[in-house]
Amino acid sequence: MTKPELPTRDDFPVHRRHQTRWADNDVYGHVNNVVYYAWFDTAVNGWLMEAAGCDIRDLPAIGVVAETSCKYLAEVSFPDELSIGLALEHSGRSSVIYKLAVFTVVDGVVENTPRALGRFVHVYVDSEARTPVPIPEQVATALEQLR
């Protein structure tokens with residue numbers, strides 16, 4: 001049985017740089033698994049704010065995280081510089097599924113092979129009633145950049 005081919009940096013239309021921190025490492029000398037989820041959350045929401053041109057927290061609908069996952073492929077450790085790749089897996093009426101990848105940056109160049117792969121699901125809900133609603137127009141327009 002052959003292994004499925006891994007995505008490369010070119011499979012992700014958006015990349016966001018991130019510097020690991022001393023505190024990210026655990027006692028085993030590599031970045032602790034829970035830190036990856038914070039990177040994914042920051043990459044998605046930071047990009048959304050830039051791409052939508054607004055503070056997404058002020059929209060009448062907010063994206064709540066319904067699911068996240070991470071597949072670890074190779075270690076990352078402080079002081080690695082990273083590039084978090086974002087791509088669109090699926091966009092529905094009220095939900096978005098993002099594909100993410102963690103790449104290291106060596107001498108200013110994003111490596112081609114990911115160190116980790118992630119999945120991040122936002123479900124849009126009314127900011128007060130917390131019931132599902134359509135994806136806000138600003139967000140839907142921004143998502144076109146990930147297609």
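If you're wondering where the values come from, they're calculated on a predicted model, not measured in any experiment.
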Where the side chain of T20 meets the backbone of D80, is there a donor-acceptor pair that is under 3.5 Å apart? yes

Under a 4.5 Å side-chain heavy-atom rule over Ile, Leu, Val, Met, Phe, Trp and Tyr, are Y124 and L88 clustered together? yes

Non-hydrogen side-chain atoms of T104 and L82 separated by less than 4.5 Å: yes

Hey, is CZ on R57 packed in by over 12 heavy atoms from elsewhere, all under 6.0 Å? no

Taken to the nearest 0.5 Å, the spacing of L73 CG from L6 CG works out to 5.5 Å

Heavy-atom closest pair (F103 atom, N112 atom, distance to 0.1 Å) is CE2-O, 3.4 Å

Closest heavy-atom pair and its distance - F40, L117: CZ-C, 4.4 Å

Please evaluate residues V31 and D26 with respect to the criterion side chain to side chain contact (heavy atoms under 4.5 Å, CB included), reporting the C-alpha separation (whole Å), side-chain torsions for both, the decisive distance (0.1 Å), and the verdict. CA-CA 6 Å; V31 170; D26 61 20; over 6 Å; no

Do T8 and T113 have side chains that approach each other closer than 4.5 Å (heavy atoms only, starting at C-beta)? no

Counting C-beta onward and ignoring hydrogens, is there a side-chain heavy-atom pair between R17 and V105 closer than 4.5 Å? yes

Looking at side-chain heavy atoms only, is the closest gap between E67 and I97 below 4.5 Å? no

Please determine whether residues I84 and V121 belong to a single hydrophobic cluster, defined as Ile, Leu, Val, Met, Phe, Trp and Tyr linked transitively by side-chain heavy-atom distances below 4.5 Å. no

Test side chain to side chain contact (heavy atoms under 4.5 Å, CB included) on L143 and Y98 and set out the steps. CA-CA 10 Å; L143 292 173; Y98 297 92; 3.5 Å; yes

So does A129 get a backbone contact from the side chain of D126, meaning a donor-acceptor N/O pair under 3.5 Å? yes

CD (Q138) and SG (C54) are apart, to the nearest 0.5 Å, by 5.0 Å

Flag if over 12 foreign heavy atoms under 6.0 Å of CD, E89: yes

Under a 3.5 Å distance rule, please check whether N45 uses its side chain to pair with a backbone N or O of D41 as donor and acceptor. yes

I need the minimum non-hydrogen distance between C70 and A116, along with the two atoms involved. SG-CB, 4.0 Å

In this structure, are over 12 heavy atoms from other groups packed under 6.0 Å from E128 atom CD? no

What one should report as the nearest heavy-atom pair of R16 and T42 is NE-O, 4.5 Å

Is any NZ, NE, NH1 or NH2 atom of the basic residue among E111 and R9 found under 4.0 Å from an Asp or Glu carboxylate oxygen of the other? no

Check whether W47 and V65 end up in the same hydrophobic cluster, where Ile, Leu, Val, Met, Phe, Trp and Tyr are linked by side-chain heavy atoms less than 4.5 Å apart. yes

Closest non-hydrogen contact found for R21 with F78 is C-CD1, 3.2 Å

Taking the side chain as every heavy atom from C-beta outward, state whether L86 and F120 have any atom pair closer than 4.5 Å. no

Exercise: do H30 and S77 side chains pair donor with acceptor under 3.5 Å: no

Could R115 and E75 be called an ion pair, given the rule that one side-chain N must be under 4.0 Å from one carboxylate O? no

Are L48 and Y37 linked, directly or through intermediate hydrophobic residues, by side-chain heavy-atom contacts shorter than 4.5 Å (ILVMFWY only)? yes

Validation row: S127, L59 side chains within 4.5 angstrom (heavy atoms): no

Is there a side-chain contact between M49 and D55 in this structure, where contact means two heavy atoms from C-beta onward sitting under 4.5 Å apart? yes

For V96 and H90, run side chain to side chain contact (heavy atoms under 4.5 Å, CB included): C-alpha distance rounded to whole Å, both residues' side-chain angles, the deciding distance at 0.1 Å, then the answer. CA-CA 6 Å; V96 179; H90 175 77; over 6 Å; no

What I'd like to find out is whether the side chain of L146 reaches to under 4.5 Å of the side chain of V14, using heavy atoms alone. yes

On a heavy-atom basis, which atom in L100 and which in F12 lie closest, and how many Å separate them? C-CE2, 3.9 Å

Side chain of N25, backbone of W22: donor and acceptor closer than 3.5 Å? no

ring-ring contact (aromatic ring centres under 6.0 Å, His included) between Y72 and Y36, intermediate numbers included: CA-CA 9 Å; Y72 306 97; Y36 289 75; 4.9 Å; yes

